[in-house]
Amino acid sequence: MQYRTFGDSDLETSVIGFGGWPMGRGHYGSFDDAEVLRAIDASIDLGVTLFDTAAVYGWGEGERLLGRALQGRRDKVVLVSKGGRQWHDPDNPQLRDSSNEALTKGLDESLERLQTDYLDLYLIHWPDESRPMSEPMEAFAEFQRQGKIRYGGVSNFSVHQMSDCRDTFPIVTNQVGYHLFDFRPEESVFPFCTQRGMGAMAYGSLAHGLLTGTMTPDTTFEEDDWRRSLMAFGQPIFKGATFLQNLKKVEALKAIASEKGMTVAQLALAWVVSNRAVSVALVGTRRAAEMEENAIAADWVMSDQEREDIRAVVAG
């Protein structure tokens, strides 16, 4: 396993991180709790140090399950959670609210569910444009003074929004979607992070399952799986002709991976972490065997030429 810091900070992470979204019931279909607990144990044993979750994953249940899994091993991990979204209003179950009051209440509830008295890193899940960015950042500064968080960051923020945040508080990361079917952060988010001494967190590193190599033209999603919409953060990667084209690209990537004795999932992860702007590539998994496979991706030190050749397969 390789390790990096978040930019110029002293917060260190394994380059492969455990993504907790699939642990939240109601988002990624059904799963077995015991199997997830085994996957978390296996991840720690493999050298994975960063575990990412959020209050809205399973409406709190994802945090509870992770907190249960980390008992007795909390000091071995970098624990990350996200707040600033409310799900209590039935008319708007995921309202963005980064007020001081909402963040304070949300952080305390997250700490209780996770069975810990501090987070290594706390993120604003999505920007709340109804208020100045200084308000949540002032809250973060107070959380840090209280010892409830070691560092703060954001998720899904634009360059302008990150800049506004840094006028008040030194955020160390922006967590954004980044994978072989989504190059958007390369244009401005990654350069901003690099220039400001921040380290990016990449979520959806396997294109939300597309780059596992297990999908076929007959793949369907369960009723409570968000991918049933066939859209992934504004991109129709699971939809109609685009999905069929993407499956052909995955097959081409499999051939490249095979030449290296790797799987397409390992190729996809190695490609993400080959971008030095990325501190950690998050992988959502619920099985120990999957994390054992994913961890090997850190062994592939990808050259610039390999990286461009792989990108061309998808871009073309």
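Note that the numbering runs from 1 along the sequence shown for the chain.
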Pairwise distance [atom1]([X]) to [atom2]([Y]) - rounded to 0.5 angstrom:
X	Y	atom1	atom2	answer
D45	K76	CG	NZ	9.0 Å
I16	L269	CD1	CG	4.5 Å
T212	Q266	OG1	CD	12.5 Å
L65	R113	CG	CZ	13.0 Å
E290	T285	CD	OG1	3.5 Å
E61	L66	CD	CG	12.5 Å

Give a yes or no on whether the backbone of [Y] and the side-chain of [X] come within a donor-acceptor separation of less than 3.5 Å.
X	Y	value
T194	P191	no
S14	T49	yes
R227	H208	yes
E63	L114	no
Q144	R150	yes
D120	L79	yes
K82	T53	yes
Q195	F192	no
S205	A281	no
T219	M215	no

Mind checking whether [X] and [Y] have side chains closer than 4.5 Å, heavy atoms only?
X	Y	value
P127	R96	yes
V78	F51	no
F238	L210	yes
L111	D117	no
L103	I124	yes
M302	I310	yes
P217	L244	yes
M201	L121	yes

Between [Y] and [X], does any NZ, NE, NH1 or NH2 come within less than 4.0 Å of an OD or OE carboxylate oxygen?
X	Y	answer
D299	K260	no
R228	E223	yes
E101	K105	no
D41	R73	yes

Query - D304, CG atom: more than 12 neighbouring heavy atoms under 6.0 Å - result: no
Query raised in the report: Taking only residues two or more places apart in sequence or in another chain, which ones pass side-chain hydrogen bond (donor to acceptor under 3.5 Å, both in side chains) with T5?
Result: none
Report task. Quick one: sort the F183 and W271 rings into parallel, tilted or perpendicular, breaks at 30° and 60°. Result -> tilted
Query raised in the report: Taking the inter-plane angle between the rings of F233 and W126 on a 0 to 90° scale, is it parallel (under 30°), tilted (30 to 60°) or perpendicular (over 60°)?
Result: parallel
Nearest atoms (heavy-atom pairs only) where [X] meets [Y]:
X	Y	answer
V301	E306	O-OE1, 4.1 Å
A200	F190	CB-CE2, 3.5 Å
S81	L119	CB-CD1, 3.9 Å
A54	H125	CB-CE1, 3.6 Å

For [X] and [Y], which I'm curious about, is there any donor-acceptor pair between the side chains at under 3.5 Å?
X	Y	result
D108	T104	no
D128	S130	yes
D309	Q305	yes

Query raised in the report: Tell me, which pairs form a side chain to side chain donor-acceptor pair (under 3.5 Å) where one or both residues lie in residues 240-256, sequence neighbours left out?
Result: E251-K254
Requested in this report: Is it possible for you to check whether R74 lies under 6.0 Å from the centre of the six-membered ring of Y118, through NZ or CZ, and within 45° of that ring's axis?
Outcome: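 Yes, R74 and Y118 form such a contact.
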Requested in this report: Validate the cation-pi geometry between R145 and F143: distance from NZ or CZ to the six-membered ring centre under 6.0 Å, angle to the ring axis within 45°.
Outcome: no
Query raised in the report: When you look at D97 and S99, which way does the side-chain hydrogen bond (donor to acceptor under 3.5 Å, both in side chains) test go after all the steps?
Result: CA-CA 6 Å; D97 186 352; S99 64; 2.9 Å; yes
Is there a path of hydrophobic side-chain contacts, each under 4.5 Å between heavy atoms of I/L/V/M/F/W/Y residues, joining [Y] to [X]?
X	Y	result
M1	M262	yes
W226	Y57	yes
Y3	V77	yes

Report summary line: Result for side-chain contact (heavy atoms from CB on, under 4.5 Å) between S279 and one of L11, L50, V273, T13 points to T13
Requested in this report: Decide side chain to side chain contact (heavy atoms under 4.5 Å, CB included) for L46 and E292; before the verdict, give the C-alpha distance in whole Å, the side-chain angles of both, and the deciding distance to 0.1 Å.
Outcome: CA-CA 7 Å; L46 288 162; E292 289 167 3; 3.7 Å; yes
Report task. Decide side chain to side chain contact (heavy atoms under 4.5 Å, CB included) for E35 and R287; before the verdict, give the C-alpha distance in whole Å, the side-chain angles of both, and the deciding distance to 0.1 Å. Result -> CA-CA 6 Å; E35 194 167 41; R287 297 180 180 86; 3.7 Å; yes
Please list every donor-acceptor pair under 3.5 Å in which a side-chain atom of residues 169-179 meets a protein atom from a residue at least two apart or in another chain.
residue : atom : partner : partner atom : Å
T173    : OG1  : G199    : O            : 2.4
N174    : OD1  : N156    : N            : 3.2
N174    : OD1  : F157    : N            : 3.4
N174    : ND2  : F157    : O            : 2.9
Q175    : NE2  : D52     : OD1          : 3.0
Y178    : OH   : E186    : OE2          : 2.5
Y178    : OH   : N275    : ND2          : 3.2
Y178    : OH   : R307    : NH2          : 2.7
H179    : ND1  : F181    : N            : 3.0
H179    : ND1  : D182    : N            : 3.4

Query - Worked check of side-chain hydrogen bond (donor to acceptor under 3.5 Å, both in side chains) between T263 and E293 - result: CA-CA 8 Å; T263 67; E293 176 186 336; 2.6 Å; yes
Query raised in the report: side chain to side chain contact (heavy atoms under 4.5 Å, CB included) between M162 and C165: does it pass, once the steps are laid out?
Result: CA-CA 5 Å; M162 285 191 287; C165 288; 5.6 Å; no
Report task. Please report the C-alpha distance between L180 and V313 in whole Å, then the side-chain angles of each, then the deciding distance to 0.1 Å, and finally whether the side chain to side chain contact (heavy atoms under 4.5 Å, CB included) criterion is met. Result -> CA-CA 9 Å; L180 274 166; V313 170; over 6 Å; no
